[in-house]
Asker: 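The structure is given below, and queries will be raised subsequently.
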Protein chains: 2
Amino acid sequence: MPLTETIHRPTLHEELVERLRNLVIEDALKPGEKVPEKYLCEAFGVSRTPLREALKVLASEGLVVLQANRGARVATVTREELEKTFPIIAVLEELAGELACKNLSDAEIEKIEKRHATMIKAYRVKDRKAYFQANQDIHNALIEGARNDILETHHRLLASRVRRARFMANLSDDRWAQAIREHEQMMEKLRVRDSEGLGKLMKIHMMNKYAAHIRALNVVSEDAAED
Amino acid sequence: MPLTETIHRPTLHEELVERLRNLVIEDALKPGEKVPEKYLCEAFGVSRTPLREALKVLASEGLVVLQANRGARVATVTREELEKTFPIIAVLEELAGELACKNLSDAEIEKIEKRHATMIKAYRVKDRKAYFQANQDIHNALIEGARNDILETHHRLLASRVRRARFMANLSDDRWAQAIREHEQMMEKLRVRDSEGLGKLMKIHMMNKYAAHIRALNVVSEDAAED
DNA sequence: TGACTGCATTATGCATTCATAATTACCGTT
DNA sequence: AACGGTAATTATGAATGCATAATGCAGTCA
C-alpha cells in the first residue's frame, strides 16, 4: 500500500555533496582551484568529517581530484577528456531518445512541443539565456522521458563535467542556426514517435555540439598561444 | 623528462574502496546484507573514518545503499534495474567496439585472437570456468582497446552491479552455443577492422546476454513462487 | 641578487570521542 | 502466552584531537 513516499532525511554529507556539486557546476569553484576545506567547513557550519566524505564522493564522480596530503582541487576538463566524454554522452542520448519516444505520454510530448516553441522564439530574438533554458528543459525532458534513472544518473555525471557556463558564450551564429534545424528534425521524429530516428538525431546533435566545442576550444588555445 | 612515473601513494580510504568493492563483486558480501562496519574495521585494522568514507564512495557507485542512522547494505539488483542497466551497457559496448577497432594495435588483436582460441577450446570441453575467464579477458581487452578511460569507468560501474557469480551457473547450452557464434562473428569484424560492424555485434551480443539473464531470472522466480 | 637549506606554520589523513537514533531486551498487563 | 511499552545496549553520524606530510619563509652562501 504505497500511500506514502518513504521519507528521506538527508544526512549532512549528502547535503554537502549536493551543495558542493552545485558550486562546481555553477563555476563558483573554478577548475584547477583548490577546494578550501577549512573555509567551506566554516561557511556551511559543519565539521571536516562530513565535508571530507562529500569530497570523496565528488572525487568518485570526477568533479574534483584528490591528491594525498594535498587536498582537493576542482577537476580541470582537458581537451582529451572532452574528446572522450562527448561520444559517450552521444550514445547515451541516442538510447535516451529511443526510450523517450516509447515512454513519453502524449501530454508530455505536448509539453516538449511548447518548450520547443519557446526555444524557437528565443532564437528569433537572439535571447541566449532564454534559449539555453528552454534547450536545457527539452533535453532534460527527453532524458527523463527514457524512464531510466540509471541512464539519467550516468548522463548527468558525464554532462556535468562538460557543461560549463563559459561554453554558453561560445555559440556561433552558424552553430546556433544548425542546432535549431537539428531540434526541428528531432521534434518531427518525436511527433510520430520514430524512436530510432530520434535516437540517431540526438546522437548526431550531440556530436555536432561537440565539434562546435572543439572549434571554440581551438580559438581559445590559439588566443592563449599569443601570450 | 618523463623517466619516472608520478608516484601514487594510495590512501587508506582508496585502498578500502578497492577492497570493499571486490568483496561485493565477489559476493563475499551478499546483496541485501548489512555491511558490518565494526567488523570490517577490525578485519582491515583501520578506524571507522576511512571505512565510512569508502562506503560513501561505494554508495555513489550504487554498490551499497546507505540508510541514515541505519548503516549500509549491499545493494540488491532488482529485475527492473537489470532492465534499465543492460541497454546502457549495450550501447557502451557498441561504442567501445567501434573505438577498439580503430585503436587496437595488430599485436593486440593477435592477443585477442589467441584468447578467442582459448575460449573456443574451453567451450569444446565444456570448461565453464576457463570459458568465463577467457570471455572476460576478451571483453576487457575490447573495452580497454577503446582507449577511453571514462568509457571504461562507466562501463565498469554498470557491469559490476550486474555481473554476479550466480549468473555464471545459469548459462544454458543453447545460449552458450549462441554466444560462441556471436563471438566468432565479432572476431571476423575485428580482423578486418570493421568498426561499425563490431560495435553493432557487441551491442547485440550484450542484449542477447540480457535476454538470457531475464530468462534465468524467470526460472528462479517461478521456483520461488512454488514455496 | 638569486638559489638553496632548515625551521615554523599550515593542511591533511586518520583515530578517537561524543551525542543521538535505532535496536534489543526486559517486564508488566491483559 | 501475546502484545505493548520502556529501559539498556548498540550502532551510527558528526566533532574533535593528534601525528605527519606539505608549504611558506627567513637566513645563508655563492
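Numbers restart at 1 for each chain; the letters A, B, ... are given by sequence-line order, proteins then strands.
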Asker: Looking at residues at least two apart in the chain, or sitting in another chain, which of them share a side chain to side chain donor-acceptor pair (under 3.5 Å) with B:Arg48?
Answerer: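 Side chain to side chain donor-acceptor pair (under 3.5 Å) list for B:Arg48, sorted by chain: B:Glu37.
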Asker: Can you give one letter per nucleotide of nucleotides 5-18 of chain D, going 5' to 3': B for a protein heavy atom under 4.0 Å from the base, S for sugar-phosphate only, - for none?
Answerer: -------BBSBBB-
Asker: Checking B:Tyr131 against B:Asp127: is there a side-chain donor and acceptor pair closer than 3.5 Å?
Answerer: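 No, B:Tyr131 and B:Asp127 have no side-chain donor paired with an acceptor closer than 3.5 Å.
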Asker: Please determine, by modelled atom types, if B:Asn140 and B:Gln136 share a side-chain donor-acceptor pair under 3.5 angstrom.
Answerer: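 B:Gln136 and B:Asn140 do not have a side-chain donor-acceptor pair below 3.5 Å.
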Asker: Would you tell me whether A:Glu152 and A:Asn148 have side-chain atoms, one donor and one acceptor, within less than 3.5 Å of each other?
Answerer: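 Looking only at side-chain atoms, A:Asn148 and A:Glu152 do not form any donor-acceptor pair under 3.5 Å.
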Asker: So do B:Arg73 and B:Val64 actually touch side chain to side chain, heavy atoms under 4.5 Å?
Answerer: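 They are not in side-chain contact.
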Asker: 5' to 3' on DNA chain C, which nucleotides open and close the contacts with chain B (atom under 4.0 Å from a heavy atom)?
Answerer: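 Both ends considered, the range comes out as C:dC14 to C:dT23.
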Asker: Output the distance between atom CG (A:Leu99) and atom CG (A:Leu142), rounded to the nearest 0.5 Å.
Answerer: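 Result: 11.5 Å between the selected atoms.
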Asker: Determine the minimum heavy-atom distance between A:Leu104 and A:Ala141, stating which atoms define it.
Answerer: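 The pair with the smallest heavy-atom distance is CD2-O, 4.2 Å.
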